[in-house]
Number of protein chains: 2
Amino acid sequence: MKEGPDIARIGMLIGDPARANMLTALMGGQALTATELAQAAGVTVQTASSHLSKLEDGGLIAQRKQGRHRYFALADAAAGTLLESIMGFAASRGHLRHRPGPKDPALRKARVCYDHLAGDYGVRMLDSFVARGAITSDGENLSVTAQGHSELAGLGLDLSPPASNRRPLCKSCLDWSERRSHLAGTLGKALLQHFMEKGWARRGDESRAVVFTPEGERQFLSLFPI
Amino acid sequence: MKEGPDIARIGMLIGDPARANMLTALMGGQALTATELAQAAGVTVQTASSHLSKLEDGGLIAQRKQGRHRYFALADAAAGTLLESIMGFAASRGHLRHRPGPKDPALRKARVCYDHLAGDYGVRMLDSFVARGAITSDGENLSVTAQGHSELAGLGLDLSPPASNRRPLCKSCLDWSERRSHLAGTLGKALLQHFMEKGWARRGDESRAVVFTPEGERQFLSLFPI
DNA sequence: TTCATACTTCGATCGTAGCCGAAGCATTGT
DNA sequence: ACAATGCTTCGGCTACGATCGAAGTATGAA
């Protein structure tokens with residue numbers, strides 16, 4: 001009597017508001033951490049963890065361990081297509097969800113990615129470094145040239161000290177809003193710190209947004225031309 | 001602030017086993033009464049009634065009063081397509097309600113997808129049309145060529161009438177068992193109807209399977225060679 | 001009218017799934 | 001070594017929704 005695929009299982013997974021919010025957040029195509037997804041869903045990390053393992057068991061998402069982070073992303077294109085088609089149907093029936101907080105377009109401009117700058121500004125910064133030959137991009141790996149070292153020293157950044165530091169000086173990190181790489185690693189962290197110490201920028205209170213002052217914005221744009 | 005479609009609402013509706021069973025039963029394309037659907041779901045009529053009103057509010061099904069009966073059916077072709085795509089995803093992840101039973105091979109061979117033919121035969125039909133140039137597949141969209149129109153007219157199918165019909169003549173629908181596209185839309189519906197009027201095939205009694213007579217099978221295979 | 005059928009609404013029960021606090025691993029940085 | 005961070009697991013609490021019996025409404029037939 002019963003035959004065919006178990007649509008109820010998929011429906012149940014998508015049917016919980018917290019999980020639906022996580023999946024919607026992942027529709028951007030960018031891998032997110034459990035903490036970020038918990039924030040997106042409006043639940044604690046414990047609850048989010050439980051949801052994430054269910055979604056993974058159901059084959060909707062996949063996780064990738066990277067350092068002490070676990071990045072979660074949609075399992076594959078089929079999962080994205082499925083969600084897209086459900087969104088299309090929901091929209092056609094006028095079922096819209098209302099989210100409490102305003103969604104900041106400021107996040108796309110500049111935001112914190114763990115400890116470094118991401119978003120439009122983060123991508124621009126790396127592009128500018130590469131264009132002027134301060135950083136060379138060897139496919140996946142990044143490295144600072146001699147010219148780059150002297151330039152950074154001119155900014156007052158000393159990058160030599162902890163030679164025992166296992167963390168790479170330069171690292172690229174994929175940006176969800178730009179879908180391109182921005183500058184991570186020790187250098188990326190140091191630069192963001194530098195901007196904030198100079199008073200050019202500050203972190204947003206409740207969000208990951210980074211807000212630049214008018215003076216800071218001017219300085220940033222002149223330091224990192226396209 | 002409204003942000004995006006509410007996929008959780010759709011998911012929750014489909015996520016309940018009883019409702020999922022009802023929807024699966026309605027995928028046969030026939031309108032069923034509340035009592036029949038209650039039986040299909042394995043619940044009492046009171047419970048079924050509650051589920052049906054929720055599904056109707058959600059825009060997945062529609063009811064038609066007729067005498068003291070109320071016939072329930074999928075709201076439209078979009079609802080059928082949505083369910084089929086969810087079935088496809090669930091099947092691809094190995095989520096089956098019941099391991100392959102006796103009826104399963106029949107379902108994979110030929111079944112009703114809301115109002116058109118799906119399964120192996122449905123896919124074969126579209127493949128055959130495309131291979132001989134009766135239908136052109138422009139990536140996502142399908143359209144009938146001049147040759148196709150004359151060929152269909154030869155079968156006794158008149159496809160011109162309701163010019164006001166917003167439903168596309170030709171549409172592709174992803175098949176959960178074959179993971180390929182089959183022919184949906186007005187043409188897909190007309191063809192299935194044609195087969196049944198000719199006495200080549202009939203609907204299965206309790207399932208979505210489409211059973212071909214020996215003569216019907218012979219005709220079908222010669223009409224749609226690979 | 002009265003009875004029978006088909007379905008809905010009401011009320012109450014009950015199971016399960018979501019939720020969070022606290023504790024437990026795992027990895028990284030100092 | 002130790003501390004800090006990111007995430008998972010465990011246990012108990014709570015709330016929502018699925019379920020069914022009983023009663024109510026609507027349609028059709030005797």
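Below, chain A is the first sequence line, B the second, and so on; all start at residue 1.
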Considering only [options], which nucleotide approaches the side chain of [X] most closely?
| X | options | value |
| --- | --- | --- |
| A:V45 | C:dC7, D:dT8, D:dT19 | D:dT8 |
| B:S49 | C:dT9, C:dA6, D:dT8 | C:dT9 |
| A:H51 | C:dG18, D:dT19, D:dT8 | C:dG18 |
| A:K65 | D:dA18, C:dA6, C:dT27 | C:dT27 |
| B:T33 | C:dC7, D:dG6, C:dC19 | C:dC7 |
| B:T44 | D:dA18, D:dC20, C:dT8 | D:dC20 |
| A:Q46 | D:dC20, D:dT9, D:dA18 | D:dT9 |
| B:T47 | C:dT8, D:dA18, D:dC20 | D:dC20 |
| B:R70 | D:dC7, D:dT8, C:dC7 | C:dC7 |

Heavy atoms only: give me the nearest A:R64-A:A31 pair and the separation to one decimal. NH2-CB, 4.0 Å
Nearest atoms (heavy-atom pairs only) where B:L37 meets B:A25: CD2-CB, 4.2 Å
Does a nitrogen or oxygen in the side chain of B:S50 sit under 4.0 Å from OP1 or OP2 of C:dT9?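 Checking B:S50 against C:dT9: no side-chain N or O falls below 4.0 Å of OP1 or OP2.
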Phosphate OP1/OP2 of C:dG18: any A:R19 side-chain N/O under 4.0 Å: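 It does, given that an N or O in the side chain of A:R19 lies less than 4.0 Å from OP1 or OP2 of C:dG18.
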Could you check how far [atom1] of [X] sits from [atom2] of [N], rounded to whole Å?
| X | N | atom1 | atom2 | value |
| --- | --- | --- | --- | --- |
| B:H69 | C:dC7 | NE2 | P | 7 Å |
| A:R64 | D:dG6 | CZ | C1' | 16 Å |
| B:Q39 | D:dC20 | CD | P | 13 Å |
| B:M12 | D:dC16 | CE | C1' | 10 Å |
| B:M22 | D:dT19 | CE | P | 8 Å |
| B:L13 | D:dG17 | CG | P | 11 Å |
| B:Q63 | C:dC7 | CD | P | 10 Å |
| A:D57 | C:dA17 | CG | P | 14 Å |

Would you indicate whether the side-chain heavy atoms of A:D57 and A:L13 approach each other to under 4.5 Å? no
Could you tell me if the ring centre of A:Y121 sits under 6.0 Å from that of A:F224? no
One pair to check against side chain to side chain contact (heavy atoms under 4.5 Å, CB included): B:I14 and A:I14. What are the steps and the verdict? CA-CA 9 Å; B:I14 300 175; A:I14 300 176; over 6 Å; no
Name the nucleic acid region contacted by A:A18, choosing base, sugar-phosphate or nothing; use a 4.0 angstrom heavy-atom cut-off, strictly under. sugar-phosphate
Students often get this wrong, so: under 4.0 angstrom with heavy atoms, is A:F72 touching a base, only sugar-phosphate, or nothing?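 Sugar-phosphate: the residue A:F72, judged by heavy atoms under 4.0 Å, touches backbone atoms but no base.
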Taking A:T33 for its side chain and A:H69 for its backbone only, find out whether a donor-acceptor pair lies under 3.5 Å. no
